Amino acid sequence: MASPNPQSETSTADRLHNQTGALEPSLRIYLHKTMLLARRYEERMFEEHRKGNVPGGMMQSTGQEAIGVGFGTALQTGDIVRHWVRGVSQAIGAKMPLGLLCAEMMGKASGGIGGRGGVQFATWKEGGFYGGGGVIGSVMSVAAGQAMAQKMRGEDAVTVCYFGEGAVQNGLAHEAFNLAGLWKLPIIFVCENNGYALSAPWDVQTAGPDVVCRAPIYGLRSASVDGNDAEAVYREAVSAREYALGGEPVLIEATTYRLGMFSTGEVGTLGDYIHPDVKEGWRQHDPLKRSRARLLDEGIMTPEDNASWEAETDAIVGVAVDAALNSPDPDPSELTKGVLE
Ligand SMILES: Cc1ncc(C[n+]2csc(CCOP(=O)(O)OP(=O)(O)O)c2C)c(N)n1
Ligand SMILES: [Mg+2]
C-alpha cells in the first residue's frame, strides 16, 4: 500500500549514478551557507509579511531548501528554471540577486517583474529564472516548451522544472512528461515530494507507489533522492544535467517535508492534519540542521564559523530588506504593462 510518509523507501527509482566520494569542502560549505541564507531570508520575510510589508500570501520553502539549493548549484549559464510557488530556495539556489527577489516579494518597482508577482511569480529573466504559476501543473507544460526552444536553437543548456507531488496527479504533468520523452527534450523535472498536497497526504492523492514509477512509461530517466540532503541533490543534479543535455530527459523525485505552513493564509490550522510524531520526525531531519551537524562532525566547519556565518547571513538579509523597504512603490499607471499586450 502506498505510504503517506515520504520518508518511506521508494520502490522503482534507478539512481542516475552512485557517486559516493565526498564533494570538495568549499562546495559543501557553499551549499550549507546558501541553505542558511534561504532559511533566514524566508524567516525574515515571514516577519515582514506579518508587519504588512509583504503583500498577498506567501508560500514558503522552509524545510525544502536542500532541493532548490542543491539543484541550483549544479546549473550553468543559459539554463532555465521554472518553479511552482515555493520559489525562495529555488531563486536563491539559482543565484537570483537577493535584492531583486526581496523587492519583488515586497511589491516594489525594483522587483524582478516590477513587484507584480510576489514569490509565486518571482522572475529574473537575465538569469533564466522564470518563476512559477498558481494552477498546479501548468508550468510543467510551459517548461517543456522552453526546453523545446532550447533544443531547436541548439543551445548547450537545459530547463529545470520544480513542482509538488500534487502536480503529478494533474493531466498537464502527463502531457509534459510525454512530450519530453517523445521529443527527447533537454529537461529535468524535479518533484519536491513533501508528502502533502495542502492537507491531502499521498495515499489520498493516488494509488501509485511513488512519482518515479511513472518515468519509464514516458521514456524518462529517473532517480529518487533524499531531498533533505543538499549534497545528494547536487550530485543527482550534475548527473541529470548531463543526461538531459544528451537528449535523455529526467524525472527526479526528491523526498522532503515542508516545515512551515502550506501558505501564510494557513495561520492557526497548521498541523491539524499531520500527526505530531510525523512532524517531530521531520524536524529531526531538517536539512539545515543535518548539514550543520555533518560539517561540524567532519571538522569542515567550527562552532565559530557557524556563529560568523549566521551573523553574515543576517547582515545580507538586512541589506536586502532595508533596500526594498526604502524603494519606491510601482507607478499605478504601469499596472497593466506586460499584461495582455
Ligand atoms: C489545478 C489546480 N487545482 C487545485 C489548486 C488548489 N491548490 C493550490 S496548492 C494545492 C496543493 C499543492 O500540492 P503540491 O503540488 O504537492 O505542492 P506543495 O504545496 O506541497 O508544495 C492545491 C490543491 C490549484 N492551484 N490548481
Ligand atoms: Mg506536496
Side-chain angles (χ1 to χ4, degrees), residues 2-8 10 38-39 42 45-46 56-71 81-93 117-122 131-143 160-177 189-214 224-228 233 251-267 269-275 278-279 282 285 287:
S3 165
N5 182 353
Q7 257 179 318
S8 65
T10 49
R39 176 70 58 92
E42 222 156 21
M45 282 293 99
F46 185 61
M58 254 173 70
M59 312 279 281
Q60 297 162 290
S61 63
T62 307
Q64 303 185 196
E65 295 92 342
I67 303 171
V69 169
F71 230 93
V81 178
R82 300 304 311 242
H83 69 88
W84 142 230
V85 291
R86 305 185 188 288
V88 163
S89 296
Q90 292 104 341
I92 290 176
V119 65
Q120 198 159 330
F121 299 98
V135 177
I136 296 175
S138 59
V139 171
M140 298 173 75
S141 47
V142 179
V160 174
C161 180
Y162 301 99
F163 49 94
E165 85 293 343
V168 184
Q169 328 311 346
N170 180 307
L172 285 165
H174 302 279
E175 294 176 28
F177 292 160
F189 295 104
V190 183
C191 179
E192 302 198 28
N193 187 348
N194 60 14
Y196 290 84
L198 218 167
S199 56
W202 175 265
D203 63 354
V204 306
Q205 295 180 39
T206 177
D210 54 30
V211 172
V212 282
C213 71
R214 306 181 194 197
S224 63
V225 65
D226 178 347
N228 280 16
V233 172
L251 170 61
I252 302 239
E253 178 171 7
T255 48
T256 187
Y257 179 77
R258 64 173 154 74
L259 289 170
M261 291 170 278
F262 166 73
S263 81
T264 47
E266 202 191 29
V267 177
T269 60
L270 173 69
D272 292 354
Y273 48 84
I274 304 178
H275 193 280
V278 174
K279 279 197 246 174
W282 279 104
H285 214 55

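Fair warning: this is a prediction, and the values are worked out from it, not measured in the lab. Side chains included, hydrogens not; waters and symmetry mates left out as well; all remaining heavy atoms used. First listed ligand is number 1; within each ligand, the first listed atom is number 1.
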- Message: Treating Gln64 as the side-chain partner and Thr256 as the backbone partner, does any N or O pair qualify as donor plus acceptor under 3.5 Å?
- Response: no
- Message: Contact between Pro287 and Glu65 at the side-chain level, heavy atoms closer than 4.5 Å - yes or no?
- Response: yes
- Would one find an N, O or S atom of Glu165, in either backbone or side chain, under 2.8 Å from the Mg ion (ligand 2)? yes
- Task: Show the protein residues that qualify under the rule heavy atom under 4.0 Å from an atom of ligand 1, listing them in chain and number order.
- Result: Trp84, Arg86, Gly134, Val135, Ile136, Gly164, Glu165, Gly166, Ala167, Asn170, Asn194, Tyr196, Ala197, Leu198, Phe262
- Query: Counting distance only, does the side-chain N/O of Gln205 pair as donor-acceptor with the main-chain N or O of Ala200 below 3.5 Å?
  - Reply: yes
- Item | Test side chain to side chain contact (heavy atoms under 4.5 Å, CB included) applied to Val233 - qualifying residues, sequence neighbours left out | Phe71, Val225
- So, Asn194 and the Mg ion (ligand 2): N/O/S under 2.8 Å, yes or no? yes
- Task: Quick one: pull up CD in Glu192 and CD in Gln90 and give me the separation to the nearest 0.5 Å.
- Result: 5.0 Å
- Item | Ile92 side, atom CD1; Glu42 side, atom CD - distance, nearest 0.5 Å | 7.5 Å
- Mind checking whether Trp282 and Tyr257 have parallel, tilted or perpendicular rings, split at 30° and 60°? parallel
